[in-house]
Number of protein chains: 2
Amino acid sequence: MNDQSNPNSLEQLLCFNVYSMNLALSRFYKVAFGKTGMTYPKFVVLSALEEAGSLTVSELSKYAGMESSTLSPLLKRMADYGVLSRVRSSEDERRVMIALTDMGREAVALVREVVLEGLKGLDLDPPQTSQLVRILGEARARIEGAEPARHLEFGRMPPPLLDC
Amino acid sequence: MNDQSNPNSLEQLLCFNVYSMNLALSRFYKVAFGKTGMTYPKFVVLSALEEAGSLTVSELSKYAGMESSTLSPLLKRMADYGVLSRVRSSEDERRVMIALTDMGREAVALVREVVLEGLKGLDLDPPQTSQLVRILGEARARIEGAEPARHLEFGRMPPPLLDC
DNA sequence: TGCGAAAGATTCGTGCACAAACTATTATTT
DNA sequence: AAATAATAGTTTGTGCACGAATCTTTCGCA
C-alpha cells in the first residue's frame with residue numbers, strides 16, 4: 001500500500017520528509033541529552049549566541065528562525081538558570097540584549113561535542129550531507145519570503161474544520 | 001559574524017537546517033490553512049490514511065513518524081469532528097482501527113490541492129527537490145534505528161541544567 | 001511639543017510532541 | 001488455570017511554537 005510511484009504520495013512530498021526527519025532528529029537528541037534539561041531549541045539559541053555574540057531578541061529570532069513569542073519564555077528560563085544574560089538596552093529601552101555567560105560558553109562547548117559526535121555516529125555520506133545542507137538552505141530562503149499560492153477554503157464543506 | 005567557513009557552525013549543521021526548514025514550512029502552511037482548523041500534522045494523518053487505508057494507531061504512528069501519545073488526542077478530536085472513525089477491533093480489543101470517513105476523503109482532497117499548489121508556487125528545482133527527498137529519506141531511516149554515540153553529562157557543571 | 005504610528009518585547013490561548021505512568025487486553029509461562 | 005509478561009492505547013506533565021493582543025518606548029510629523 002506504499003504507493004511510491006505516486007509523485008503526490010506523502011513519501012514523495014518535501015514537506016513530509018522535512019517534518020518527519022525533524023521529529024526523528026528531535027527524538028535522537030532528546031535521548032542524547034537525557035535528563036540534563038538540555039533541548040534542541042536551547043542548543044540552537046546557545047550556538048547562535050556563541051557565533052554571533054550579543055544579540056537582541058529579534059536578531060536572535062531571525063538568526064534561529066524562531067518567533068520572538070517562542071523565544072521570550074525560553075530566554076527567561078535560560079537566564080534564570082544562568083547560561084545567558086538578559087539586559088534591557090540603555091540607549092533604546094525597547095531592546096533586550098541577550099548574551100552568553102561564562103557558564104553558557106561552557107555549556108555550549110559540551111553540548112556541541114555531543115551533537116557532533118551524534119551526527120558522526122550516523123555515518124552519513126559527507127558530500128551528500130553538505131549537498132543536503134546547501135539545498136535546504138536555498139529552499140528555506142525561498143519559503144521564508146513566500147506567500148502561499150492558494151488558501152484553503154472550507155466553504156463547500158459544512159461545517160468548517162474549526163475546533164477540530 | 002556569520003562564520004560560514006566553520007564546518008561546525010549552525011548553518012552547516014544538518015540538524016539545524018532541518019529544524020529551521022521545518023519551522024519555515026509549518027508557518028507557510030499555517031498561513032495557507034488560515035482559520036480552517038487544518039494543520040500540517042492533521043494533513044499528514046489524513047494523507048497517511050488515504051494512502052494506506054484503515055490502520056491501527058501504532059501502524060499510523062509508524063507511517064507518520066509520530067508517537068502514539070501524540071496521535072491519541074489528535075485522533076480523538078478529528079473523530080469528534082467527523083473526518084475519521086475510531087473503532088476498537090473486535091478480534092483484538094486492544095487495537096483501535098482508524099479510517100477516513102467520506103468527509104475525511106473530501107477534506108484530504110481539498111487540502112492536498114492547497115499543499116501541492118503551495119509547493120509549486122515556491123518554484124523549487126524539481127531534480128534538486130527529488131534528490132533532497134531521497135537523501136532525507138535515507139538519513140531518516142538511519143537515524144530512526146540509531147542510538148546516540150554519546151550522552152550529555154553535566155557532572156562537571158554545577159548545577160545541572162535540570163529545570164532550565 | 002505633543003500625538004499618532006511604528007517598533008521591540010512579553011503575555012495569553014491553543015495545538016503539537018514526547019516520555020513516563022497507567023489501564024485494559026492478550027499471550028506466555030508455570 | 002493462575003500468575004506473569006508482553007502488547008496496544010490513553011492520560012499526564014512539561015516544553016516548544018505560533019498568532020493575536022498588550023505594553024512600553026521611540027519615531028515621525030504637523
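Atom set for the values below is all heavy atoms of this structure, side chains included, hydrogens, waters and symmetry mates excluded. Below, read A as the first sequence line, B as the second, and so on, with proteins coming before strands; counting in each chain starts at 1. A quick note: this is a predicted structure, and the numbers were derived from the prediction, not measured.
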Tell me whether A:R142 is salt-bridged to A:E138, with the criterion being a basic N under 4.0 Å from an acidic carboxylate O.
no
Test: A:D102 and A:R105 ion pair at under 4.0 Å
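Yes, A:D102 and A:R105 are salt-bridged.
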Nearest whole Å is fine: how far is [N] [atom2] from [X] [atom1]?
| X | N | atom1 | atom2 | result |
| --- | --- | --- | --- | --- |
| B:Y81 | C:dG15 | OH | P | 14 Å |
| B:E67 | D:dG15 | CD | P | 19 Å |
| A:F43 | D:dG15 | CZ | C1' | 18 Å |
| A:K76 | D:dT14 | NZ | C1' | 17 Å |

DNA chain D: A:R88 or A:G65, which has the more 5' nearest nucleotide?
A:G65
Counting only heavy atoms from other residues, nucleotides and ligands, does the tally under 6.0 Å from CZ of A:R95 exceed 12?
no
Taking only side-chain N and O atoms of B:S72, does any of them lie within less than 4.0 angstrom of OP1 or OP2 on D:dG9?
no
Between A:S69 and C:dT10, is there a side-chain N or O to OP1/OP2 distance below 4.0 Å?
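Indeed not, no polar side-chain atom of A:S69 lies that close.
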Could you run through nucleotides 3-8 of chain D and give me one letter per nucleotide, 5' to 3': B if any protein heavy atom sits under 4.0 Å from the base, S if only the sugar-phosphate is that close, - if neither?
---BBS
Closest-nucleotide mapping onto DNA chain C: is A:E59 or B:T39 further toward the 5' terminus? I mean the 5' end.
A:E59
Using the six-membered ring wherever Trp is involved, compare the ring planes of A:Y40 and A:Y29 and label them parallel, tilted or perpendicular (cut-offs 30° and 60°).
parallel
Residues of residues 20-29 of chain A with any non-hydrogen atom less than 4.0 angstrom from an atom of DNA chain D: list those, numerically ordered, please.
none
Counting side-chain heavy atoms from C-beta on, which of D:dT10, C:dT11, D:dC16 comes nearest to B:S68?
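Output: D:dT10.
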Have a look at A:L71 and say if it touches a base, only the backbone sugar-phosphate, or nothing, with a 4.0 Å heavy-atom cut-off.
nothing
Give one of base, sugar-phosphate or nothing for A:T70, where a contact means two heavy atoms less than 4.0 Å apart.
base
